[in-house]
Structure formats: structure tokens, C-alpha cells
Number of protein chains: 2
Amino acid sequence: MAKPSASALVDDTAAEIRARIMSGEIPIGAQLRQDDLAKSLGISRTPVREALRQLQAGGLIEVMPRRGAVVRVPAPWDVRETYEVRAELEGMACERAVSRITGDGLRELRRANDAVRPGAILSAGSSTAANDEFHTLIHGVAGNERLAKVIREINEAFPRNVSALVLQDNPRHREDNFHEHERIIAALEAEDAETARREMRAHVLSAGEQLARWYERRSATVFKG
Amino acid sequence: MAKPSASALVDDTAAEIRARIMSGEIPIGAQLRQDDLAKSLGISRTPVREALRQLQAGGLIEVMPRRGAVVRVPAPWDVRETYEVRAELEGMACERAVSRITGDGLRELRRANDAVRPGAILSAGSSTAANDEFHTLIHGVAGNERLAKVIREINEAFPRNVSALVLQDNPRHREDNFHEHERIIAALEAEDAETARREMRAHVLSAGEQLARWYERRSATVFKG
DNA sequence: GGAATAGTCATTGGATCCAAGGATCCAAAG
DNA sequence: CTTTGGATCCTTGGATCCAATGACTATTCC
């Protein structure tokens, strides 16, 4: 799928702003003033505006007419709904991967997952990186570009650093994560499509539930002050 | 899900251009010059540019840097991939609808489908309209906003008038369509989630196959001259 | 006569300019 | 002291201007 890439500058700008939000450098709920971003990137407001519109289409930010843009604060129910959809799609990808994956593919999955085995020393963010890699590998094997694209777009709806926090703060979740991945690999190896789909689905739903709980706790804290 | 709606003008512009493409007024493969669109809409090029970028994000058009935008010509394999994803999501929606649909909901579905029963007199485009309504009703009942949104976005990737042509030119397909809908309604009424999902999945896949074949015939014709 | 190159043209991309609208702050009145 | 009304300011949205680049054409050389 050849990316037409309308304009290098606008796309780069969008990518840069997205990265800053994903990394938490621009926090959830923060105001995004076009002039600030433009000066911070050394360009004029025009490409910034278009980039913001692109991010809005992805759902990462909200733009109120004449009132500016803010990084969207996901509601817990929205996180749950989104992860239900993602779970379905990742399950589909995993099922499709069963008949397509090779021995090399399985080895790669194991390697990606071993990086986060219980007891491993992890730098900040590396556990989400490994997690992302695991899923991306499966999307690649699934052999459906559109499917991969839709999942990617869904994942861009929420800041990535939050998922990192969820994993970092809870060794228990990290361990669960690891074992869920192991079960998925086992199902792929056994060529059990039904189980592969079910395990992946459960895995994503569980991750979504953790994320939704994190946002619930966050909003409770914010409301109290 | 409150739509932030960044700017009325840009969104309206995007909607207008999208409508023109969907209706076939702007044909597949046509060049889209910003200046023409701007003059045709009585506005400046700025909102047109942003609207085009929005349409590009949806995949309806392709923008090559410095070379302008064209209405994307979907490749048959792309149609098939996309409809596989859509089939999965519509199946999910249908499964979820089983436990949520009411008697009134079932009646509405029957009414929407009866409009296209074999032998009914149909005006141009009304069969796709009825088809769209049938699916939209189910999305509403499924009770997952994000799911409905993702399906909507996927549907916006291909011009709508082509689907209309596919149905209009083939009474046989229209009839098949009607019976597939009937089976889906029956499964919903019987509260058989598994069957509802399977029937909807098959229904969407079949529609996708027809659409892909249409594009195959089209490209064959074009290449011959 | 054909091909290559240079020059012109058309169209997009980015910057700047101007208008419009909402928020905030201050003052005045109840 | 509180509330309401107005004025000012800040930020975004749309229009216009200028630069950059790819396409088309004509001319010249082989």
C-alpha cells in the first residue's frame, strides 16, 4: 500500500505533535495553541493547522471552533468500547496468522516476548515497545493491509505513555501480559485458529480493562483536586 | 459521542466534495484541482485544502505532493481486504445486537428490508439507501459508538454509487441481498448470536465480492481503451 | 526526422494578513 | 458584596500572496 504522503512537512508536523502527546511531553487535557506549536517547530501556522486537523480525525485531540485544541481525555467507557473493537480485530488478525505464520515468525514472536519475561531488567517504555512489536509482528503475518491499518489507527486514539504507566506500575500485569502472549504463541504453533483468536481477544480486552481503570482512577483524582 | 466539529466550513466542504464523489458526479480517477473546487464552492483554497486532506485521511482520494489530488481507484484486492475487515466488524455488531434488539427494532429492520423485496418498484439509488439503513439500524442497536464509527469510516473508503450500480444492474444480486437480510433478521429474532454473526459476515463478504468483481471488470475495460 | 534540453506555464505548498468570535476582566448598579 | 453588562484582548478561521516544482512545448542538434 503505497503511502501517497500528501506533504512531507504537514505529515512530519503531525507525527511530531503526535509523538509529543504519545510520549506524555504534552499531557492529556493540555491546550494546544497553534502559534506556540508553530514557533516551537520553526514553521508557520498553516501546516500546524492542517496537522492538528489530521490529529483530530484520528481522535487524539479535540478542536472546538474558535476555542482551540486540547489533547482528548478519554472516558473510561470510550476506552472499553474501543478495546472491544480492537480485541475483535486483533483476534481476527491472530486467527488469520495461524495458517500463514512460519517457523521464523514464531521464533520472532518468542524473541519479542522473551524481552519482557518475568525478572528481566526493563528500561522505561521498553515493555510497551516489546508489546507493540509482538502485535505488529502478528499484524504483518495476518496478510491484510487494511486490517493492520485500521488497528494502527485505533491504537493512535490514546496516548501511548499511559499504557506504559499501566504496565510499569504493575509487575503483576506485566507478568499476566507475558503469559497471555505465551498462550497466543502456543495456539499459533498448534495451528488452533479458534484458540488463537480467543486468547488474543481476551488478552486485548484485559489490557483495555487495565487502561480503562487507570483513566477511572485518574478522573477520580482530578475531581477531588 | 459529541462531535467537536473543528470548523463548520471545512467540514461542510469535505462533506460536499465527498458527496460529489460518492454520487459519481466526480468520477473515479478524476483530478481534483483546488482552485476549481474553491471557485465551484465560492470559497478560498484554504478550506478546500484542509478538506482534501481530510478526505485523504479517509482514503477516498490520493494526494501526490505538488501533483494534485485524484479520486482513488480501488484495486480489487484492496476491496476484498477491506470487506473482510468490514465483514468481521458487521458480524460483531450483529452478534451484539442479538441481546439488545427490541421488538420495535426487529419491526424497523423488516420495514427497511421490505422496501427492497423482490418485485418492488425501486427508484435510482433507493436500494442502496435501504441497504444502508438496514446496516445502520443494526449498528445503532449494537451499542458501541466506536464500532459504528469505525464501520462508517471503512464505508467511506469507496464511492457509494458503485455499490448502487452493482445492485441496480443485477436483479439477482438484489434478490440475494434481500434473502440474506431476511436470514439475519431471523437469527436476531431467534436470539441466535452465532448464526447472526455468521450470516452477517457472509452477507458482507458477498457484497464485497460483487464490488471487487465490478472493479475488476472496470479496470479490464479501461485497459482495453 | 527524432530525441533531448531548455524555457515557460500551471498548480500546489507555505507564509502572512485580516476578520470574527469567545473569554476574561473591570466597573457599576442593585 | 454579588451580579451583570460591556469593552478589550487573545486565538482561531479564511483569504491572499509568494515561492517552488512538476508538466508541457518548442527549438535545436544529431
### Query
Is there a residue in residues 31-47 of chain B whose heavy atoms reach under 4.0 Å of DNA chain D, and which residues are they?
B/Ile43, B/Ser44, B/Thr46, B/Pro47
#### Entry: side chain to side chain contact (heavy atoms under 4.5 Å, CB included) against B/Ile154, all qualifying residues, sequence neighbours excluded
A/Val150, B/Thr82, B/Val85, B/Arg86, B/Leu89, B/Val150
## Note on the structure
From CG of B/Leu9 across to P of C/dG21 the rounded distance in Å is 12 Å
### Task
Using side-chain hydrogen bond (donor to acceptor under 3.5 Å, both in side chains) as the criterion, list what pairs up with A/Glu216, not counting sequence neighbours.
A/Arg80
## Note on the structure
Rounding to the nearest 10°, end axes of the helix from C/dG1-D/dC30 to C/dG30-D/dC1 built from five pairs each make an angle of 10°
### Message
According to ring-ring contact (aromatic ring centres under 6.0 Å, His included), who are the partners of A/Tyr215, at least two apart in sequence or on a separate chain?
### Response
none
### Summary
Residues passing the side chain to side chain contact (heavy atoms under 4.5 Å, CB included) test with A/Gln31, sequence neighbours excluded, are A/Val70
### Query
What integer distance in Å separates A/Glu50:CD from D/dT12:P?
15 Å
## Note on the structure
Residue set satisfying salt bridge (Lys or Arg N to Asp or Glu O under 4.0 Å) with B/Asp35, at least two apart, ordered chain then number -> none
### Under-3.5 Å donor-acceptor pair between B/Arg49 side chain and C/dG14 base
yes
### Query
Can you name the side chain to side chain contact (heavy atoms under 4.5 Å, CB included) partners of B/Thr128, sequence neighbours left out?
B/Ser163, B/Ala164, B/Leu167
Between protein and nucleic acid, restricted to nucleotides 22-24 of chain D and to nitrogen or oxygen atoms under 3.5 Å apart, what atom pairs and distances do you find?
unit_1 : atom_1 : unit_2  : atom_2 : d
D/dA23 : OP1    : B/Arg67 : NE     : 3.4

## Note on the structure
From CE of A/Met64 across to C1' of C/dA23 the rounded distance in Å is 13 Å
### Between P of D/dT11 and CG of A/Leu52, the distance in whole Å
15 Å
### Query
For B/Glu180, what residues pass the salt bridge (Lys or Arg N to Asp or Glu O under 4.0 Å) criterion, not counting sequence neighbours?
none
### Query
Partners of A/Arg213 by salt bridge (Lys or Arg N to Asp or Glu O under 4.0 Å), sequence neighbours excluded?
A/Glu209
### Message
Parallel, tilted or perpendicular: which one describes the rings of A/His181 and A/Phe134, with boundaries at 30° and 60°?
### Response
parallel
### Task
Quick one: list whatever passes side chain to side chain contact (heavy atoms under 4.5 Å, CB included) with A/Arg20, sequence neighbours left out.
A/Glu16, A/Glu25, A/Ile26, A/Ser40, A/Leu41
